[in-house]
Amino acid sequence: QVQLVESGGTLMQAGGSLRLSCAASGRTFSPATMGWFRQAPDKAREFVGGIYWHEGLTYVIDPVKGRFSISRDVTKNTVYLQMNSLKHEDTAVYYCAAQSTASGLKRFDKYEYWGQGTQVTVSS
């Protein structure tokens with residue numbers, strides 16, 4: 001069993017920067033991909049970006065391109081979401097997730113493991 005624990009969420013002012021972390025623990029951790037999703041109040045869960053774990057290739061959606069980036073530390077089994085130039089519309093609960101096999105980076109229904117989420121609130 002794999003456990004994912006996000007951290008780093010907090011209240012921020014617009015324009016600020018924040019880094020979220022997602023630490024994995026449990027049995028030998030070797031995912032194919034890890035993704036970041038977010039869910040704002042009264043909105044569906046949205047894919048933000050992801051990383052192919054072994055290759056290190058990353059992808060983020062257009063609304064955050066140039067502001068958000070994803071990285072990982074394989075020695076710590078941790079993936080990061082660096083968020084710069086935060087906007088009010090970035091306010092959401094942010095979740096990380098992991099796939100054992102690469103079956104759709106953007107597909108939330110293809111992720112087997114999820115963290116509990118961390119709240120990011122950006123004041124305008």
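Basis for what follows: all heavy atoms, side chains included, without hydrogens, waters or symmetry-related copies. Sequence positions, counted from 1, serve as the residue numbers for this chain. All values derive from a computational prediction rather than experimental measurement.
When the side chains of ILVMFWY residues are joined at heavy-atom separations under 4.5 Å, either directly or via intervening members, L57 and Y59 end up in a single hydrophobic cluster. Residues L86 and L11 do not share a hydrophobic cluster, clusters being chains of Ile/Leu/Val/Met/Phe/Trp/Tyr side chains in contact below 4.5 Å. Under the 4.5 Å side-chain heavy-atom criterion for ILVMFWY residues, no single connected hydrophobic cluster contains both V5 and V120.
Here S17 contributes atom OG and F68 contributes atom CZ; the two are 9.5 Å apart, rounded to the nearest 0.5 Å. Note that NZ of K106 and CD of E46 are 11.5 Å apart. Values are rounded to the nearest 0.5 Å. Remark: M34 CE to Y113 OH distance equals 11.5 Å, nearest 0.5 Å. Considering CG of N77 and CH2 of W53, their distance stands at 5.5 Å, rounded to 0.5 Å. The CG atom of L105 sits 4.5 Å away from atom OH of Y52, with the distance rounded to the nearest 0.5 Å. Going from atom CD1 of I51 over to atom SG of C96 covers 12.5 Å, rounded to the nearest 0.5 Å.
With a 6.0 Å radius and a threshold of 12 heavy atoms from other residues, nucleotides or ligands, E55 has its CD atom above the threshold. For K65, the NZ atom sits in a packed shell: over 12 heavy atoms of surrounding residues, nucleotides or ligands are nearer than 6.0 Å. The number of heavy-atom neighbours closer than 6.0 Å to NE2 of H54, taken from other residues, nucleotides and ligands shown, is above 12. Heavy atoms from other residues, nucleotides or ligands lying under 6.0 Å from CG of D42 number 12 at most.
A cation-pi arrangement is found for R19 relative to Y80, the charged atom lying closer than 6.0 Å to the ring centre and inside a 45° cone about the ring normal.
With hydrogens and angles ignored, the 3.5 Å screen pairs a side-chain donor or acceptor of T91 with a backbone N or O of V122. Of the possible donor and acceptor atoms, none in the side chain of T118 sits under 3.5 Å from a partner among the backbone N and O of V93.
Here the two rings, on Y95 and F108, have centers that are 6.0 Å apart or farther.
Of all heavy-atom pairs between S21 and T78, the closest is CB-CG2, 4.2 Å. Between S124 and H88, the closest heavy-atom pair is CB-CB, 4.0 Å. Across all their heavy atoms, A102 and A32 have their closest contact at N-CB, 3.3 Å. In terms of heavy atoms, R38 sits closest to A92 at CB-CB, 3.8 Å.
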Handout entry: From CA spacing to verdict: side chain to side chain contact (heavy atoms under 4.5 Å, CB included), T33, Y111
Key = CA-CA 9 Å; T33 67; Y111 285 81; 3.9 Å; yes
Handout entry: From CA spacing to verdict: side chain to side chain contact (heavy atoms under 4.5 Å, CB included), Y94, E6
Key = CA-CA 8 Å; Y94 284 73; E6 301 99 334; over 6 Å; no
Problem - Chi angles and distances behind the side chain to side chain contact (heavy atoms under 4.5 Å, CB included) call for R67, D90 - result: CA-CA 11 Å; R67 299 190 298 121; D90 295 320; 2.7 Å; yes
Exercise for the section: Could you give me the CA-CA distance, side-chain angles and deciding distance for V2 and L4, then say whether side chain to side chain contact (heavy atoms under 4.5 Å, CB included) is met? Expected result: CA-CA 7 Å; V2 172; L4 303 177; 4.0 Å; yes
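Every residue was checked against the side chain to side chain donor-acceptor pair (under 3.5 Å) condition with K87, not counting sequence neighbours, and none meets it.
Between Q99 and P31, every side-chain heavy-atom pair lies at or beyond the 4.5 Å cut-off.
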